[in-house]
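Just so it is clear: chains get the letters A, B, ... in the order the sequence lines come, proteins before strands, and each one is counted from 1.
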Amino acid sequence: MKFSQIIQPLSAVATGNSLTSNPTCDPELQGVAAVEEAVAGQLSYIEGDKFAAEVGKTAASALILPPNETLQAQATERGIAWIATSQPRLVFAQAIALFYQPFRPTSEIHPTAVIHPSVQVGQNAYIGPHVVIQAGAKVGDDVCIHPNVVVYPEVQIGDRTTLHANCVIHERTRIGNDCVIHSGAAIGSEGFGFVPTKEGWYKMEQSGYTVLEDGVEVGCNSTIDRPAVGETRIGRNTKLDNMVHIAHGCNVGEACAMAAQVGMAGGVKIGNRVILAGQVGVANQSTVGDGAIATAQSGIHGDVEPGAIVSGSPAVDNKIYLKASAIYKRLPEMYQAFKQLQRRLGKTE
Amino acid sequence: MKFSQIIQPLSAVATGNSLTSNPTCDPELQGVAAVEEAVAGQLSYIEGDKFAAEVGKTAASALILPPNETLQAQATERGIAWIATSQPRLVFAQAIALFYQPFRPTSEIHPTAVIHPSVQVGQNAYIGPHVVIQAGAKVGDDVCIHPNVVVYPEVQIGDRTTLHANCVIHERTRIGNDCVIHSGAAIGSEGFGFVPTKEGWYKMEQSGYTVLEDGVEVGCNSTIDRPAVGETRIGRNTKLDNMVHIAHGCNVGEACAMAAQVGMAGGVKIGNRVILAGQVGVANQSTVGDGAIATAQSGIHGDVEPGAIVSGSPAVDNKIYLKASAIYKRLPEMYQAFKQLQRRLGKTE
Amino acid sequence: MKFSQIIQPLSAVATGNSLTSNPTCDPELQGVAAVEEAVAGQLSYIEGDKFAAEVGKTAASALILPPNETLQAQATERGIAWIATSQPRLVFAQAIALFYQPFRPTSEIHPTAVIHPSVQVGQNAYIGPHVVIQAGAKVGDDVCIHPNVVVYPEVQIGDRTTLHANCVIHERTRIGNDCVIHSGAAIGSEGFGFVPTKEGWYKMEQSGYTVLEDGVEVGCNSTIDRPAVGETRIGRNTKLDNMVHIAHGCNVGEACAMAAQVGMAGGVKIGNRVILAGQVGVANQSTVGDGAIATAQSGIHGDVEPGAIVSGSPAVDNKIYLKASAIYKRLPEMYQAFKQLQRRLGKTE
């Protein structure tokens, strides 16, 4: 693909950003790469000061640059084709899609799939080998169900949704349009509901529903449980990484992102556009406001204000955490100095 | 179902609690719901002061109340049918089971299941599509094995046990009666046993056994490893949530509960009725006494006394932790004040 | 097996250690066991002072001892056959392998496996029931693919590699020779790549590769993601326990060991022979030097020096952590004492 051919499709994604570009060269491009690893014939991108120096070193034939005229001049001088945008990473994401599309099997229903006669399957679906879809389920148009997926009875799966190999969708689950469920994820499984009695744990049946709205992604081996009553709900366009656990009755808002190994206990309420970094835990019945961020390994108890940035376990305001954790390292010397001071002054009140 | 019809079955579960009830109304009930979400025709429950105010607001037609005469009078006044018990949540659990039973396929051995001729299968079992059961395994009566489960050779599975879709039971595993293994769990897989040598890691074969006693539940995508020698054992009626990891050679007692993402290293001993909250870690060879509780994200090293409540990483007594973590937030100001004091007093000994 | 028959094969593994042994007795051995649990007819081992007292109590018929003449004399006196080595645990690992080999099905391609005609399968492979291998994949000699595994298109799997039941290998993955992928692991799945925009998360396609070099083990339900560009790579002989998450673009060196529930964010660089204990997290773009160790639940940000031992979240030098965490417990009393001191001295500057 010629560089000049990609400028138009890349412009499409950078909404509100007129791209500028270097008209002096038009290399043939074979693919995309990180800027430190790019070779001739590849397109890469520069984002942030950390990578700016790479413009002078990279072997890439083309670059997506920030709106920085010095870098642009440097690229031109080195004979590198470039376009400039205020969102280099976003434009690079679009560039990748020009060179690569993930594996999408052609539509068919494989003869080894076991699909109950009552199941409704939409147009143009792919249902792979050894898939099992049980009674009363509904599968939308253009759905892609990879091998060995199991769909329990009465599940609904929206249009253009992809279920990767070996994931399991349990009864009383409704998955929206344009969702992606990655390998090994378990959606709508029984919530962990046991009532303590003198005789031991009494099982509370989980009769509620699990709802994934449109555009939700669920990472590999993540689990989303259905509740005793009511719903567990994941809002539109929320993205969950691998091994995220969402317990019964949680309500997660729209456009959130949760990194790997995040876990939340039952009945948690998460607002819109919340970001939880890796290994964050959220306790029972906590509420996290819109736009809040929790840094890695935070332990959230109680409520987090909208827009707050929290850290630590138990989680506190990030600014306090940064100071407190810096002092934590100095606790031994502080303790020592304090003891000296006490000895010197005497301990009497 | 009429309200009057459910009083009898609900009484059965509330052992030692004679239920009182409101005889003035007898609504037709269609289902159960959380009290804030209930609509007319639904049964709900009130537990704890936090929800008491809902008696005055709920649209539920019937309530399970605590033995609180004020709440009872209020419900009667609002025309709500009610029963009262000292265990509202337990009785509500029983109520759910009157309206809902989880999906249980009818008994059959699906023709696509691959079952070695040497396998013994009990009466009335369900073995779903694409299940694989290998040589020498024994499967009890009334067992329910959902699609795509794999059972390695010589495994034993007790009566009335359910294996959900896509879980894997490895060789040298014995699962008791009335167990539930949720989707994607891996039981009896090889323990992580490698001996360091100059040439790298030398694999120690895992020749031991994995035993789940009766009534054990294992959550989705949880893993329980078999040891090099001896046993990994999970005691009667212990319940594990999703993504719990039990390493080789652990011995977990009876009636424990472990929340999601708990992990324990090799050779850990856990007593009876121990509760580990979410994301707790237990180090190598630690011992946790009967009835101990660890709060979320605790990191247990060494021994925890029976009945202790521990928190933090490394885990300490919960009371100390609550105070210490409260002070942690004030470390920056404390450090500042301490430095001022030092300056004022001079640093000389 | 006679004790005298195992001395020769055990000597083979203890390189540079001439084994000494007790020639006075030669029991028939039926198996291996931990020293506290061993019964007559079993072989066990003693490692470390903690277990030395067991020599005087064990019912084992044979022991692998350290080079400690007192223990040797004690064993001889009790009529226990023994061999001595500076590496008792390593020799015991070899002993286990004399009595036990993990289940390895005989070579066959099961008729229910769905293998695309373009797939190349090596000599002597086992491909179990309901396995799915898609177009263009290459499978080496002596490979063992357990039931219900799914291999996406174009994947390469080296010789003698084992894929346990229900794991999934995604497109653009190359697995080396002598690897073991345990049940439910997902290798080469899409990295968690989303670019924030005003309209929500824009998906960055993951067009890179995932490479597992020779001798890598990946635990049950672990996940290793492929990156947007470039590679995610796991070096030779590195061993990952269960539920380990390796994000897109990580580069892990050789002979590392990562315990269960370790998670690393994108672009992390891990050197050779690094050990990460259970539940450790490593932040985005961090670098961990050769031979470094992180203790359980550490949270690594930024760079860890080669050979360092770090602990805590955020992770600091282990020695400092041990002191600081000991003082953490005393923060309440220290705070109290400090407040008293302040009151006594007055707060004026």
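Proximity to chain C is limited to the side chain of Thr197(B), based on heavy atoms less than 4.5 angstrom apart. There is no contact between Cys167(C) and chain B, counting heavy-atom distances below 4.5 Å. Of the two parts of Val131(B), only the backbone, made up of N, CA, C and O, holds a non-hydrogen atom closer than 4.5 Å to a non-hydrogen atom of chain C. Using a 4.5 Å cut-off between heavy atoms, Phe338(C) touches chain B through its side chain atoms alone. Both the backbone and the side chain of Ala257(C) come within less than 4.5 Å of a heavy atom of chain B. Interface remark: Gln134(B) contributes side-chain atoms only to the contact with chain C (heavy atom separation under 4.5 Å). There is no contact between Leu322(C) and chain B, counting heavy-atom distances below 4.5 Å. Neither the backbone nor the side chain of Asp317(B) comes within contact range of chain C; no heavy atom of the residue lies under 4.5 Å from a heavy atom of that chain. Residue Tyr152(B) touches chain C through its side chain alone, counting heavy-atom pairs closer than 4.5 Å. Heavy-atom distances place the side chain of Glu217(C), and not its backbone, under 4.5 Å from chain B. In this structure, no portion of Ala326(B) lies under 4.5 Å from any heavy atom of chain C. Neither the backbone nor the side chain of Phe99(C) has a heavy atom closer than 4.5 Å to any heavy atom of chain B.
In terms of heavy-atom pairs under 4.5 angstrom with chain B, the leader among Asn237(C), Asp241(C), Val32(C) is Asp241(C). The choice from Gly193(B), Ala283(B), Ser298(B), Ala265(B) that makes the most heavy-atom pairs within less than 4.5 Å of chain C is Ser298(B). The most heavy-atom pairs under 4.5 Å with chain C, out of Thr112(B), Thr223(B), Asn284(B), come from Thr223(B). When each of Ala247(B), Gly249(B), Gly299(B) is checked for heavy-atom pairs under 4.5 Å with chain C, Gly299(B) comes out on top. Contact count versus chain C (heavy atoms, under 4.5 Å) is highest, among Ala186(B), Pro227(B), Ser189(B), Pro314(B), for Pro314(B). Heavy-atom pairs under 4.5 Å with chain C were tallied for Pro153(B), Ser222(B), Gly200(B), Gly184(B); the largest tally goes to Pro153(B). If you tally non-hydrogen atom pairs under 4.5 Å between each of Lys239(C), Glu333(C), Met334(C), Lys329(C) and chain B, the highest count goes to Lys239(C). Annotation: maximal heavy-atom pairing with chain B below 4.5 Å, among Ala260(C), Pro332(C), Ala38(C), occurs at Pro332(C). Among the candidates Arg89(C), Glu37(C), Met243(C), Glu254(C), the residue making the largest number of heavy-atom pairs closer than 4.5 Å to chain B is Met243(C).
Using a 30° and 60° split on the angle between ring planes, His182(B) and His164(B) fall in the parallel class, below 30°. His130(B) and His130(C) have perpendicular rings, their planes meeting at more than 60° on a 0 to 90° scale where under 30° would count as parallel.
For the atom pair Asn318(C) CG and Thr295(C) OG1, the distance stands at 5.5 Å (nearest 0.5 Å). In this structure, NZ on Lys138(B) lies 14.0 Å from CD1 on Ile133(B), to the nearest 0.5 angstrom. Atoms CD1 and CG, on Ile320(B) and Leu331(C) in that order, are 11.0 Å from each other to the nearest 0.5 Å. Rounded to the nearest 0.5 Å, atoms CD1 (Ile109(B)) and CD1 (Ile127(B)) are 4.5 Å apart. In this structure, SG on Cys256(C) lies 8.5 Å from CG on Leu240(C), to the nearest 0.5 angstrom.
A 4.5 Å side-chain heavy-atom check between Val229(B) and Gln42(C) finds every atom pair outside the cut-off. Contact annotation: the side chain of Glu36(C) never approaches that of Ser44(C) to less than 4.5 Å [non-hydrogen atoms, C-beta and beyond].
Taking the centre and axis of the six-membered ring of Tyr126(C), the NZ or CZ atom of Arg104(C) falls outside the cone set by 45° and 6.0 Å.
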